[in-house]
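What follows is one structure encoded as structure tokens, with my remarks underneath.
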Protein chains: 2
Amino acid sequence: MKRKGSRRKVSVQTIQRLPRYYQYISYLRKQGIRFVSSLKLSLQTYVEATQVRKDLTSIGHTGKPKVGYEIDQLMNTIEDFLGLRTIEDAVLIGVGHLGTAIVQYGGFANYGLRIKAVFDADPMKIGTHIQGRVIQDVSHVGQYVRDHKIPIGIMTLPAPGAQEVTDMLIKSGVNAIWNFAPINLFVPEHVIIKNENLAFGLAILKYRLKSLAERSSS
Amino acid sequence: MKRKGSRRKVSVQTIQRLPRYYQYISYLRKQGIRFVSSLKLSLQTYVEATQVRKDLTSIGHTGKPKVGYEIDQLMNTIEDFLGLRTIEDAVLIGVGHLGTAIVQYGGFANYGLRIKAVFDADPMKIGTHIQGRVIQDVSHVGQYVRDHKIPIGIMTLPAPGAQEVTDMLIKSGVNAIWNFAPINLFVPEHVIIKNENLAFGLAILKYRLKSLAERSSS
DNA sequence: TAGATTGTTAATCGATTAACAATC
DNA sequence: TAGATTGTTAATCGATTAACAATC
């Protein structure tokens with residue numbers, strides 16, 4: 001394995017912007033468009049054009065003056081950088097509506113996620129099917145993770161019990177937890193945790209609405 | 001209305017951290033705990049204690065040396081600052097699994113959101129019920145928004161068609177769009193847009209997994 | 001070629017962190 | 001009181017922006 005020289009560290013801000021560029025160029029590509037400029041990316045993502053160029057430079061991508069960035073190439077670069085082409089297996093725990101939405105949504109396949117098995121605690125659900133998968137008893141998830149060396153656990157279960165199941169998954173060997181339960185899950189240092197909480201986005205939306213109302217009333 | 005003097009502008013970073021503090025202190029409060037220190041908040045949210053104190057100062061909240069912050073008061077301050085106590089009405093368009101999950105989740109009520117009516121394009125769904133609401137024909141949503149002066153539209157429909165429905169909502173007078181369709185929606189300047197995309201979180205998780213693998217292999 | 005667009009250096013800006021006095 | 005914890009000023013750090021030369 002050759003190293004491409006020690007790159008400067010890429011900031012978390014840059015990493016958070018990359019998926020947004022990626023979403024847009026995926027869309028352009030579907031339309032058959034082959035090149036994109038930093039200015040176009042800027043207008044679409046509300047990131048300064050200079051910042052776009054810096055971000056792309058920082059992950060080792062270069063464009064052509066007067067032409068811009070070749071979309072196919074850029075997709076490859078971003079996919080490689082974020083590791084989207086490595087397909088990772090996951091188990092999902094909690095087959096409620098949110099869990100079902102995640103299992104059914106085909107888009108995650110593009111990001112290298114494969115949901116291998118789903119689990120629930122509800123005896124009424126266990127044994128039924130969803131998207132070609134049998135819903136299994138959550139008490140068997142540890143064994144499954146161990147047997148299949150699953151690296152990712154997706155938590156779409158209610159908050160009570162979520163930490164317990166997380167602990168079990170980690171003991172069984174998962175490396176990462178993608179958490180949608182409305183609770184901050186704790187994991188040991190060597191485990192990756194991504195806590196999502198839909199209410200956070202709502203809080204920010206409400207704040208902006210409030211600010212809007214204050215502005216227009218003054 | 002008295003003004004509390006012109007406060008310095010609160011940064012977006014601070015605003016993004018507030019919901020995390022809020023989640024944690026809500027949890028503490030349920031346990032009957034009355035005070036919290038900046039250090040405890042720091043350990044829970046991975047924000048430096050100094051930063052926590054600065055954030056709280058910046059929204060006009062003060063604590064007591066040696067005691068910390070009174071949780072009830074702090075909840076009030078954050079709720080007021082973010083505007084969570086103002087209850088706003090919303091319509092939701094797209095009653096798939098994600099839409100259903102959002103309608104059913106009781107937690108949003110704490111953030112001042114009331115989903116008044118739900119809409120879908122599927123004739124099989126129109127007329128059926130969900131959580132005490134009749135699913136209405138999406139072609140009537142504009143009229144509904146106008147008649148009831150609804151300020152928020154929640155988009156949980158597939159990407160194709162999402163922009164059209166958004167345009168209609170805006171023409172009918174909504175002030176804000178909370179978008180879960182996997183597409184960047186465009187709105188005029190005076191309208192608030194919050195684009196959510198679950199895949200973005202996944203991309204970041206994948207990146208961390210990749211980095212973890214690289215570290216441990218070297 | 002002329003002009004558009006990239007890549008990069010330098011300047012700015014603002015967020016974070018460190019240090020510590022104030023105080024309950 | 002002594003000590004823990006807040007609130008704030010000053011220092012640092014790094015991200016963003018501006019400017020512009022390079023170049024296709």
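Because only heavy atoms are used, hydrogens play no part in the values below, and waters and symmetry mates are left out as well, while side chains stay in. Keep in mind it's a predicted model, so treat the numbers as computed, not measured. A note on names: the letters A, B, ... follow the listed sequences, proteins ahead of strands, and every chain is numbered from 1.
- For A/Val47 and B/Gly68, each mapped to the nucleotide of DNA chain D holding its nearest heavy atom, the one lying further toward the 5' end belongs to B/Gly68.
- Checked against the 6.0 Å centroid criterion, the rings of B/Tyr22 and B/Tyr111 qualify as a close aromatic pair.
- Within 3.5 Å, no donor on the side chain of A/Lys54 pairs with an acceptor on the base of C/dT6, nor the reverse.
- The interatomic distance linking A/Phe35 (CZ) with C/dT5 (P) rounds to 13 Å, in whole Å.
- One interatomic measurement links the two molecules: CD of B/Gln51 to P of D/dT6, which rounds to 14 Å at whole-angstrom precision.
- A heavy-atom distance below 4.5 Å is found between the side chains of B/Val187 and B/Thr166.
- Distance B/Gln16 CD to C/dG14 P: 17 Å, rounded to the nearest Å.
- No side-chain donor-acceptor contact under 3.5 Å links A/Asn184 and B/Tyr24.
- Between B/Ser38 and D/dT5 there is no side-chain N or O to OP1 or OP2 distance below 4.0 Å.
- Taking only side-chain nitrogens and oxygens, B/Thr50 never comes nearer than 4.0 Å to OP1 or OP2 of C/dA18.
- Among the atoms of the strands shown, none is found under 4.0 Å from any heavy atom of B/Thr14.
- With a 3.5 Å limit on both pairing distances and Watson-Crick or G-U wobble geometry required, the stems of 3 or more pairs in DNA chain C span C:3-24 with D:3-24.
- Residue A/Tyr69 places none of its side-chain N or O atoms closer than 4.0 Å to OP1 or OP2 of D/dC24.
- Taking the six-membered ring for Trp and the full ring otherwise, the centers of A/Phe35 and A/Tyr69 sit at least 6.0 Å from each other.
- In this model, the phosphate group of C/dT6 is approached by a side-chain N or O of A/Arg53 to a distance below 4.0 Å at OP1 or OP2.
- For the residue pair A/Arg85/A/Asn76, the side-chain donor-acceptor check at 3.5 Å is satisfied.
- Distance, A/Asp55 CG to C/dT8 C1': 14 Å, rounded to whole Å.
- A straight line from CG of B/Leu43 to P of D/dT5 spans 12 Å, rounded to a whole angstrom.
- Heavy atoms of other residues, nucleotides or ligands lying less than 6.0 angstrom from CD of A/Glu164 number 12 at most.
- Nearest nucleotide to the side chain of B/Thr57, out of D/dG7, C/dT23, D/dT17: D/dG7.
- Neither side chain, A/Thr45 nor A/Arg20, offers a donor N or O lying under 3.5 Å from an acceptor on the other.
- Pairing each heavy atom of A/Thr156 with each of A/Gly94, the nearest pair is OG1-O, 2.6 Å.
- Protein atom CG of B/Leu74 is 11 Å distant from nucleotide atom P of D/dG7, rounded to whole Å.
- Nearest-nucleotide assignment on DNA chain D puts the 5′-proximal partner with B/Lys64, out of A/Ser11 and B/Lys64.
- For the pair A/Ile15 CD1 and D/dG14 P, the computed distance is 15 Å after rounding to whole Å.
- Per the geometry, NE2 belonging to B/His61 stands 13 Å off P belonging to D/dT8, to the nearest Å.
- Contact annotation for B/Lys66: base contact, defined as any heavy-atom pair under 4.0 Å involving a base atom.
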